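To keep things clear, I will list the structure first and then write my remarks on it.
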Amino acid sequence: MSGIPAVTLRGMEALPVEVEVEITGGLFAISIVGMPDVAVRESKERVRAALRSLELYLKGRISVNLAPADIPKEGALLDLPIALGMLKATKTLTEIPRALYMGELALDGRLRRVRGAVPAAFLAKKLNIPLYVPAENAEEVALVKGVEAYCADSLAELCAMLMGNEELRPVPPAYIPELPNNVENDFADIKGQVQARRAAEIAAAGHHNLLLVGSPGSGKTLIAKSIAGILPPLTDDELVETLLVRSTLGMSVKPTRERPFRIVHFTASTVSICGGGNNLRPGEVSLAHRGVLFLDEYTEFRRDLTESLRAPIEDGVITVSRATGTVTYPSRVLLILAANPCQCGYLGDPLMKCTCSALDVERYKRKLSGPIMDRIDLQIHVPRLTPEELLSFSDKGKPPESSATIRERVIKARKIQQDRWKEFGLTCNAELPEKIVKRFITLSDENRKYLADMAAKLNLSGRGLSRVLKVSRTIADLAGEEEISRRHLAEAMMYRQTTNKN
């Protein structure tokens with residue numbers, strides 16, 4: 001008995017499954033074995049109704065085996081191969097080509113979109129066999145290069161294809177534009193804030209984490225959202241990584257190289273951020289992989305949630321462990337935090353007087369977790385502008401640079417980094433491990449002494465010192481300079497002083 005090839009998901013990985021169907025005499029019954037979850041067990045009713053739409057009425061005792069039996073099977077993506085197995089067992093289809101089949105069946109036989117089409121496409125490519133998917137999944141499968149894929153709208157259409165009555169509908173490769181089409185928030189709309197704009201450019205160029213501290217209305221959120229418009233486009237490898245995460249969750253996948261930008265509210269749960277649940281699904285930190293994870297009002301987040309981000313933002317991966325198993329998801333994110341300087345929000349504000357006591361201010365600062373702050377490369381104070389300053393910036397002087405202009409510099413700097421670190425499999429300065437920092441980021445004796453003196457004054461840890469060197473390297477790349485000078489080091493040190501002041 002030859003089975004129908006199918007897939008099941010384990011994290012972002014598609015695992016091969018074979019669907020075997022046997023029909024014997026007796027009272028009608030359908031049993032599914034092989035560690036199916038609830039969605040798979042319920043497929044027998046969807047499959048039965050879909051086959052009835054083809055005027056095929058099942059009889060007898062039907063056994064469906066999902067092999068290998070020791071791997072949990074999940075999701076409705078097994079509906080289609082189960083239906084094909086029953087068609088083969090009833091001799092309705094005598095020959096079914098060896099290929100991967102996936103799709104959810106409606107009661108009238110229509111094929112519905114399923115999650116995991118991109119991992120399945122990579123599995124089909126690895127096994128060197130075709131892939132058959134619902135038409136709604138064709139757009140994301142088209143983004144996977146080198147896979148032979150076909151799509152259908154219904155079970156009846158697929159059967160007609162397999163019997164040779166209709167031509168196969170191949171999924172053509174998709175064209176992916178290099179640049180984003182629209183920029184919702186442009187840096188040209190930001191008045192003043194020269195230092196914050198510069199920090200945002202450095203963060204985008206080297207993928208460095210950024211903290212914005214300022215009074216309400218100072219423009220922190222606008223600056224953070226504008227960073228999406230200056231990020232470089234995804235490379236081919238990065239695009240594949242983001243596609244895998246989104247497809248695993250069944251989210252829509254657009255043919256674009258725009259980097260993810262995820263905004264998280266402070267009421268979010270730890271599972272929604274880090275991932276988990278019964279099906280071990282990825283969280284926001286993985287959905288933002290190779291893009292931006294923005295935590296607005298950072299001090300309002302629960303302490304256990306913020307502490308759970310330590311390892312993901314340092315290691316670039318997050319391991320989710322539950323009783324049902326363990327999976328690892330990517331989490332290489334550009335973390336942006338925005339916070340007020342105190343509880344009332346007006347500490348140091350030129351217009352409003354702070355009403356917090358010294359004890360309140362100290363208690364509030366403790367919410368900025370030391371270990372997390374040590375992992376933030378750029379820490380910037382964003383002052384609120386007076387009405388006169390806002391009007392002067394809008395009426396006089398040179399207009400602010402647009403996101404398009406800044407993005408050109410960011411792309412150029414990122415290209416320098418990709419060429420420099422490609423032999424190590426790295427794409428930007430923020431990813432550099434400590435051994436590469438020590439070996440390849442060199443300083444003159446004079447600059448090394450200057451950095452040591454400043455690090456002692458700011459009480460920087462070893463991790464903080466390493467991040468200063470990485471930021472200095474990015475600043476030099478933006479300037480197109482090969483050597484790191486004292487000017488680059490001084491600017492990088494300046495971005496570490498916001499949370500180190502007493």
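Everything numeric here is computed off the predicted structure, so don't read it as measured data.
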Heavy-atom count around [X] [atom1] within 6.0 Å, excluding the residue itself: above 12?
X	atom1	answer
E434	CD	yes
R303	CZ	yes
N165	CG	yes
D304	CG	yes
R310	CZ	yes

Counting distance only, does the side-chain N/O of [X] pair as donor-acceptor with the main-chain N or O of [Y] below 3.5 Å?
X	Y	result
E431	T427	yes
R115	T248	yes
Q193	I190	no
R281	G277	no
D477	A413	no
S331	P312	yes
S247	L244	no
E238	T235	yes
K220	V382	no
D186	S402	no

Steps toward side chain to side chain contact (heavy atoms under 4.5 Å, CB included) verdict (V133, Y101): CA-CA 6 Å; V133 295; Y101 299 91; over 6 Å; no
Chi angles and distances behind the side chain to side chain contact (heavy atoms under 4.5 Å, CB included) call for I202, I475: CA-CA 7 Å; I202 296 171; I475 295 172; 3.7 Å; yes
Contacts of type side-chain contact (heavy atoms from CB on, under 4.5 Å), residue P232, not counting sequence neighbours: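 In terms of side-chain contact (heavy atoms from CB on, under 4.5 Å), with neighbours along the sequence ignored, P232 is linked to R259, V410, I411, R414.
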side-chain contact (heavy atoms from CB on, under 4.5 Å) partners for K126, two or more places apart: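 Partners of K126 under the side-chain contact (heavy atoms from CB on, under 4.5 Å) test: none.
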S53 versus D108, side-chain donor and acceptor atoms under 3.5 Å: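 Not at all, the side chains of D108 and S53 share no donor-acceptor pair under 3.5 Å.
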Under 3.5 Å side-chain donor-acceptor pair for D296 and T221: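 Judged by distance alone, the side chains do pair up.
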Sequence neighbours excluded, every pair satisfying ring-ring contact (aromatic ring centres under 6.0 Å, His included) that has a member inside residues 147-171: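 Matches after skipping sequence neighbours: Y132-Y150.
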Presence of salt bridge, [Y] and [X], under 4.0 angstrom:
X	Y	result
R257	D236	yes
R169	E157	yes
R110	E136	no
E314	R467	yes
E140	R113	yes

Contacts of F440 that satisfy ring pair (Phe, Tyr, Trp, His ring centres under 6.0 Å) - sequence neighbours left out: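 If we apply the ring pair (Phe, Tyr, Trp, His ring centres under 6.0 Å) test to F440, skipping adjacent residues, the hits are F424.
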Ring pair (Phe, Tyr, Trp, His ring centres under 6.0 Å) against F266, all qualifying residues, sequence neighbours excluded: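 Per chain and number, F266 pairs via ring pair (Phe, Tyr, Trp, His ring centres under 6.0 Å) with no residue.
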If you compare all heavy atoms of [X] against all heavy atoms of [Y], which two are closest, and at what distance to 0.1 Å?
X	Y	result
H208	L334	O-CD2, 3.3 Å
T328	T319	OG1-OG1, 3.3 Å
I380	A199	CG1-CB, 3.5 Å

Would you say [X] and [Y] make side-chain contact, with heavy atoms under 4.5 Å?
X	Y	answer
Q417	R420	yes
V7	P16	no
L162	L93	yes
L77	E104	no
I71	M35	no
L100	L123	yes
L78	M102	no
L66	I32	yes

Atom pair CZ/CG of F122 and L127 - distance to nearest 0.5 Å: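 Between F122 CZ and L127 CG, I get 13.5 Å after rounding to 0.5 Å.
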M12/V245 under side chain to side chain contact (heavy atoms under 4.5 Å, CB included): CA gap, chis, key distance, verdict: CA-CA 6 Å; M12 293 195 311; V245 177; 3.3 Å; yes
Trace of the side chain to side chain contact (heavy atoms under 4.5 Å, CB included) decision for L105 with L155: CA-CA 8 Å; L105 287 172; L155 179 59; 4.0 Å; yes
Matching residue for L293 among N209, L335, I263 - test: side chain to side chain contact (heavy atoms under 4.5 Å, CB included):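 So, applying the side chain to side chain contact (heavy atoms under 4.5 Å, CB included) to L293 and each of N209, L335, I263, only L335 qualifies.
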Salt bridge (charged side-chain N to carboxylate O under 4.0 Å, His left out) evaluation trace for K225 with E184: CA-CA 9 Å; K225 290 182 177 179; E184 184 176 349; over 6 Å; no
Side chain to side chain donor-acceptor pair (under 3.5 Å): pairs with one or both residues in residues 28-52, sequence neighbours excluded: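 Sorted result for residues 28-52: R46-D79.
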